[in-house]
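For reference, the structure is listed below as structure tokens.
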Amino acid sequence: MRCFSCDSISLEPVCKECTKDFLTPLMINKEIANLDVVSFFDYYLTVEFIKSKYITSGYRIYKFIAKKYFQPFIKNYIISLDSKKNIYLIGIDESVDRGYSNVALLTHYSAKNSNTKALHNVLKAKSRVKYAGQTLEFRLNNPRGFVYSGPKNIDVILIDDTITTGTTLEEASRVLKESGVNIHFALTVANAQEGVDY
Ligand SMILES: [Zn+2]
């Protein structure tokens, strides 16, 4: 196949050179209302990969990111817990806009560890309002209205593609905590500090 970024022949969806140039993990930490959020990349350096969710080839990009970065990270975390307890992965709104859900791909391919299970489509936003390009004020005035339909009192890692202002993750975590869900942390592909995503 060809590299998504530079079009050279490559065994992986992103070639070794482009992986090194654009997808070297930075591990950016942020805390939102007592929730630790870990992001692998800076949004602005990886925007072409993040935005691939809008096109068909994004399917293999998100699968690649999940397998290469999310799955090993979660595996190491679970080993560090030294517990047999199951950890569930919940994606922030896996609704399908364009044939596939990039967040569902992340949770699915990140859950290939023992003691890990993806819970698909259990956290749904009632509102389809688009946050892309919107201010923090707009986001706060237009909550997603998350509804959680999964099991209560479980251990969870939250999964999303991008953290921008954190309003979405904060709202999601509040709804989950009302069901007694213990959120260990949230894991996102990218962190966009500027307050605007696309
Ligand atoms: Zn390349």
Side-chain angles (χ1 to χ4, degrees), residues 1-30 32 36-80 87 89-114 116-118 120-121 130-134 157-166 168-169 184-198:
M1 68 178 97
R2 292 194 176 267
C3 170
F4 171 76
S5 183
C6 73
D7 222 28
S8 65
I9 301 288
S10 168
L11 287 173
E12 298 281 3
V14 185
C15 76
K16 281 207 170 75
E17 280 300 305
C18 291
T19 299
K20 195 166 130 259
D21 289 348
F22 305 114
L23 296 175
T24 296
L26 301 172
M27 309 319 290
I28 303 163
N29 292 288
K30 187 168 179 157
I32 308 273
D36 289 320
V37 184
V38 181
S39 308
F40 287 93
F41 310 109
D42 177 277
Y43 180 83
Y44 299 93
L45 300 177
T46 50
V47 65
E48 67 169 324
F49 302 98
I50 306 299
K51 280 179 159 182
S52 72
K53 67 182 173 183
Y54 298 121
I55 54 175
T56 311
S57 53
Y59 187 97
R60 57 194 179 102
I61 296 302
Y62 276 89
K63 182 178 167 186
F64 173 75
I65 289 173
K67 289 171 81 170
K68 187 171 176 64
Y69 302 100
F70 278 59
Q71 187 267 335
F73 183 90
I74 291 166
K75 183 180 181 182
N76 285 334
Y77 175 72
I78 287 171
I79 290 170
S80 79
I87 303 278
L89 306 185
I90 294 181
I92 304 291
D93 196 13
E94 296 186 339
S95 57
V96 175
D97 284 339
R98 297 160 204 89
Y100 67 93
S101 158
N102 66 316
V103 175
L105 282 172
L106 288 176
T107 52
H108 177 79
Y109 288 102
S110 300
K112 307 282 182 195
N113 298 307
S114 49
T116 318
K117 197 174 182 312
H120 289 298
N121 267 314
K130 297 281 185 224
Y131 277 5
Q134 296 292 356
I157 295 171
L158 285 177
I159 306 281
D160 205 355
D161 56 19
T162 309
I163 174 170
T164 306
T165 57
T168 301
L169 277 171
H184 287 238
F185 57 91
L187 198 54
T188 75
V189 180
N191 180 313
Q193 294 279 2
E194 304 291 332
V196 178
D197 63 9
Y198 298 90

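Sequential numbering from 1 along the given sequence is applied to the chain's residues. For ligands, and for the atoms within them, numbers begin at 1 and follow the listed sequence. The figures here come from the full heavy-atom set of this structure, side chains too, leaving out hydrogens, waters and symmetry mates.
- Counting all heavy atoms, side chain and backbone alike, Ile55 lies closest to Phe4 at CD1-CE1, 4.0 Å.
- Within the structure, the side chain to side chain donor-acceptor pair (under 3.5 Å) test picks out the following pairs touching residues 1-13 (sequence neighbours left out): Ser5-Glu48.
- For Thr164 against Lys30, the heavy-atom pair with the smallest separation is O-NZ, 3.7 Å.
- Closest heavy-atom contact between Ile61 and Pro13: CD1-CB, 4.2 Å.
- The shortest distance between side-chain heavy atoms of Leu45 and Phe22 does not fall below 4.5 Å.
- Protein contacts to the Zn ion (ligand 1) involving N, O or S atoms at a distance below 2.8 Å are Cys3 SG, Cys6 SG, Cys15 SG, Cys18 SG.
- Here the closest non-hydrogen pair linking Lys112 and His108 is NZ-NE2, 3.5 Å.
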